[in-house]
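Residue numbers run from 1 in the order of the sequence given. Both backbone and side-chain heavy atoms feed into the values below; hydrogens, waters and symmetry mates do not.
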Amino acid sequence: MAAELVEAMNMVKSFRVSDLQTLLASMGRSKSGLKQDLVGRALRLVQTEYSPELLKNVRQLYESRFPKTSGWLAARRPEGIPVAYSPLSSSPSATSQGTDYLNGISKPIPTPAAEVKLVPLPFYQTLETLLPPTELIAQNNEKLQDSQCIFELTPNQVEQIRNASELRPGIRSIQVVLRICYTDSIGVQEDQYPPNIAVKVNQSYCHVPGYYPSNKPGVEPRRPCRPVNITPWLHLSNVTNRVTVTWGNFGKRYSVAVYLVRVFTAADLFSQLKLCSVESAERCRERIQDKLRFDPESEIATTGLRVSLICPLVKMRLGVPCRVLTCAHLQCFDAVFFLQMNEKKPTWTCPVCDKPAPFELLTIDGLLSEILKETSEEVEEIEYLTDGSWRPIRDDKERDRERERSNTPEYPVVDICIPEANGHSPAHSSTSLTGKSGSGSMGIAGVTGGPAVAPGGGAVVDLTLDSSSEEEGGGAGGDSEDTEDSADSPAPKRGRYNYDKDLVTAY
C-alpha cells in the first residue's frame, strides 16, 4: 500500500499540465491554476482519496506519456552502451550462452513483469545499470555461501568516475555501488543485507556498514542497509572486475545488483527541495481553515491550533520549516537538520508522528516561513485561528511575571532601623500599632496615641520588646501614669559604658 502510494505520487510529479488537468477533472476537482498548484492538488488527491480507480487513472496517464517504460521505478541500462557481465556466475561457460547463469546453474532471463525493483534512494541517482537485480543461489547445504559476478566498465564510465568531483577526500560523487534486497517481484524492495555478509572486490574485502548501537535497554543494534561503495577496489580500465558476495543461507532469498550512480549530499537535496517543493502561504492558510472548519458532528469546536516554532529534532528555533504531505499535523521540523541526519543515518521518519517521511513527500511550509521572519527570537509558539490568521503565544512564565507586576499593590515602606527620639530602640510592633500591651495597659507607644512616624514617612515598628518586657514594667494602671509623667522628663542618663541599662549587647 505504501509502495503503491509512493509510486503514484512520483508518477503525478512527472505529469504535464494537460495530464494534471485531465486527472483532476476525472475526479471532479478544479483544474484551474498554475502547474505548481495543480501538482499540489493532485498529490493531495492521491493521498486523501487513494483507490484502485484513481491508481488506474494515474497509470493510464503515465503510460500514455511514457509508452516504452513499464514503470517509473524500473532500472534500465541506456541502449547502445555495451556492458559485459555474467550475473553471479562461477562457471566460465556462462558468458557464451544466451541465458543467465547463477553459480553455474542455468536460469531463464526474467521478464520485465517479474523483475525485482529496488526502491529509489534520495542520495543516489542511478546513471547506468551494470548488473540488474539477480538472485543469490546456494550451491550446497552449507550455511555460508559464496556467489560471484563479473562485469566490465566502458571507457565512458571510467572517464565519468575519474573526472567526478570529490564529496570529501577519497570519496567521489560518481560511484559504482552494490545493492542487495529480498527477491520479491511484488512492489519495490528496500535494501536488505543477508546474515554474515562480506563483499570482496578483486581479491580485496571492501567496507560494509556496521551496526548502529542502541541506547535503549533490551533493543538490539540495527544495521543500516545502504548501497556498498565498491569504487576504490575496481579496475578503472577494460579489465574484468570480479565481485564475490559471502552470505548466510538461512532460508530467505536475496538478489544483488550493481549500479553506476551519482551521490548527492544533504546540501544538494536541500537545493532541490527549495526549488521544487515549497507550498505557498495561501495554500497553507486554506489547509488551516479546512482543519478548523466547524464540524456539526463534533461535540468540541476547535477555535485555534497551536504550533511550536522549536524544531523537535534539535530543540532549536526553526530555520526552514518542513513537513510531510501525508501527515495530518501542522507542526514542522527543520529541513536542513532532517536531511543531514538522514544522510548519516537514513531512517526517513517524521520526527513529529513517527510516520514514513520519504524525500518525495517533503514540502516547505511557506506560511510558517513568513511567520518566522516576522516574529522575534523570544516567540516560541504561535496559534492559528479559524480565519487563517495567527497570533504569537507568549511564554507562560513571562505572562505570569507581567501579571504579578500589574496586580501588585503599593505598600508604604516600613523603616525598622531608625531609633526613637528618647534613645531607645523602636517599640514592639504589636505595641506601637495598637497602643496596648498584652495585659490591657498602655505601652511605651501609648504616649503618642499610635505608631511612631519616621522622618521618611514610614511607620516605626518595635522589634525589641515583647510581652515579658511589658510584664517586667509592672503592667498595672499606675505604671501607665508613670509613663505619661515621663513624657516631659529629659532623656534617661546612660551608664559609664554609654549604653542603656535595659539593653544588653551580645557579641
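Residues Leu305 and Leu292 have side chains in contact (heavy-atom distance under 4.5 Å, counting atoms from C-beta outward). Taking 4.5 Å as the limit, every side-chain heavy atom of Tyr62 sits out of range of all side-chain heavy atoms of Val12. Contact check for Val243 versus Lys200: no side-chain heavy atoms found under the 4.5 Å cut-off. Between Trp233 and Val199 the shortest side-chain heavy-atom distance does not fall below 4.5 Å. Between Ile180 and Gln192 the shortest side-chain heavy-atom distance does not fall below 4.5 Å. At a threshold of 4.5 Å between non-hydrogen side-chain atoms, the residues Asn249 and Asn141 do not count as touching. The closest side-chain heavy-atom distance from Thr246 to Asn196 is not below 4.5 Å. Inter-residue side-chain proximity for Ser255 and Thr134 is flagged as unmet; no heavy-atom pair is nearer than 4.5 Å.
In terms of heavy atoms, Cys311 sits closest to Asp334 at SG-N, 3.4 Å. For the pair Pro321 and Leu318, the tightest heavy-atom approach, listed with the atom from each and the gap, is CB-CD1, 4.2 Å. Minimum interatomic distance between Gln175 and Ile171 (heavy atoms only, all atoms of both residues): NE2-CG2, 3.4 Å. Heavy atoms only, all atoms of each residue included: Pro227 and Val177 are closest at CB-CB, 3.8 Å. Residue Trp247 comes nearest to Ser147 through the heavy atom pair NE1-OG, 3.1 Å, listed as atom of the first residue, atom of the second, then distance. Annotation for Cys149 and Leu131: closest pair SG-CD2, 3.8 Å, computed over non-hydrogen atoms.
A salt bridge between Asp19 and Arg16 is present, with a side-chain N of the basic residue lying under 4.0 Å from a carboxylate O of the acidic one. Look at Glu282 and Arg285 and you find a salt bridge, because one of the NZ, NE, NH1 or NH2 atoms lies within 4.0 Å of a carboxylate O, short of that distance. Arg226 has no carboxylate O lying under 4.0 Å from a charged side-chain N of Asp191, or vice versa, which leaves the two without a salt bridge. Comment: Glu377 engages Arg317 in a salt bridge, judged by a side-chain N to carboxylate O separation of less than 4.0 angstrom. A salt bridge between Arg179 and Glu190 is absent, with no side-chain N of the basic residue lying under 4.0 Å from a carboxylate O of the acidic one. Comment: Glu286 engages Arg283 in a salt bridge, judged by a side-chain N to carboxylate O separation of less than 4.0 angstrom.
When each of Thr375, Val307, Ile288 is checked for a side-chain contact (heavy atoms from CB on, under 4.5 Å) with Trp390, only Thr375 meets the rule. For the side-chain contact (heavy atoms from CB on, under 4.5 Å) test with Val320, the passing option among Asp365, Leu368, Ile364 is Ile364; the others fail.
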Problem set entry | Check against side chain to side chain donor-acceptor pair (under 3.5 Å), Thr154 and Asn156 | CA-CA 5 Å; Thr154 64; Asn156 184 30; 5.4 Å; no
Exercise. Going through the checks in order, is the side chain to side chain contact (heavy atoms under 4.5 Å, CB included) test met by Thr363 and Arg323?
Worked result: CA-CA 6 Å; Thr363 183; Arg323 52 184 173 76; 4.2 Å; yes
For this session: Under the side chain to side chain contact (heavy atoms under 4.5 Å, CB included) rule, what do Leu153 and Asn238 come out as? Steps first, then yes or no, please.
Result: CA-CA 6 Å; Leu153 297 173; Asn238 57 357; over 6 Å; no
Problem set entry | Pair Tyr182-Val116, side chain to side chain contact (heavy atoms under 4.5 Å, CB included): steps then yes or no | CA-CA 8 Å; Tyr182 288 132; Val116 175; over 6 Å; no
Exercise. Hey, mind stepping through Leu367 and Tyr384 against side chain to side chain contact (heavy atoms under 4.5 Å, CB included) and telling me if it holds?
Worked result: CA-CA 11 Å; Leu367 177 59; Tyr384 289 124; 3.7 Å; yes
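Looking at Thr126, its side chain never comes within 3.5 Å of a backbone N or O of Glu128 through a donor-acceptor pair. Within the 3.5 Å criterion, the main-chain N or O of Arg29 finds no donor-acceptor partner in the side chain of Arg41. Without hydrogens or angle criteria, Thr349 side chain to Thr347 main chain gives a donor-acceptor distance under 3.5 Å. Side-chain atoms of Thr183 come within 3.5 Å of backbone atoms of Tyr254 as a donor-acceptor pair (strictly under, hydrogens ignored). Distance alone, capped at 3.5 Å, is enough to place a donor-acceptor pair between the Ser173 side chain and the Ser165 backbone. Remark: the backbone N or O of Leu330 is not paired with any side-chain donor or acceptor of Arg287 at under 3.5 angstrom. Remark: side-chain polar atoms of Thr22 are paired, donor with acceptor, to backbone N or O of Ser18 under 3.5 angstrom. Within the 3.5 Å criterion, the main-chain N or O of Phe151 finds no donor-acceptor partner in the side chain of Thr240. Looking at Gln148, its side chain never comes within 3.5 Å of a backbone N or O of Val245 through a donor-acceptor pair. In this structure a side-chain-to-backbone donor-acceptor pair under 3.5 Å is missing from Asn57 to Leu23.
In this structure, the separation between SG on Cys327 and CG on Leu361 is 9.0 Å, given to the nearest 0.5 Å. Here CG of Leu325 is found 8.0 Å from CG of Leu362. Values are rounded to the nearest 0.5 Å. The line from OG1 of Thr231 to CD1 of Ile174 is 9.5 Å long, rounded to the nearest 0.5 Å. Between the CD1 atom in Ile393 and the CD1 atom in Ile382 there is a gap of 8.0 Å [rounded to 0.5 Å]. Taking CG of Asn229 as the reference point, atom OH of Tyr124 lies at 7.5 Å (rounded to 0.5 Å). Taken to the nearest 0.5 Å, the OG1 atom of Thr265 stands 6.0 Å off from the CD atom of Glu343.
Each salt bridge (Lys or Arg N to Asp or Glu O under 4.0 Å) pair with one or both residues in residues 251-263, not counting sequence neighbours, appears once here: Glu135-Arg253. Contacts classified as ring-ring contact (aromatic ring centres under 6.0 Å, His included) and involving residues 308-356 (residues at least two apart or in different chains) are given here: Phe123-Trp348, Phe333-Phe338, Phe338-Trp348.
Scored by the side-chain contact (heavy atoms from CB on, under 4.5 Å) test, Asn140 finds Glu142, Gln145 as partners (sequence neighbours excluded).
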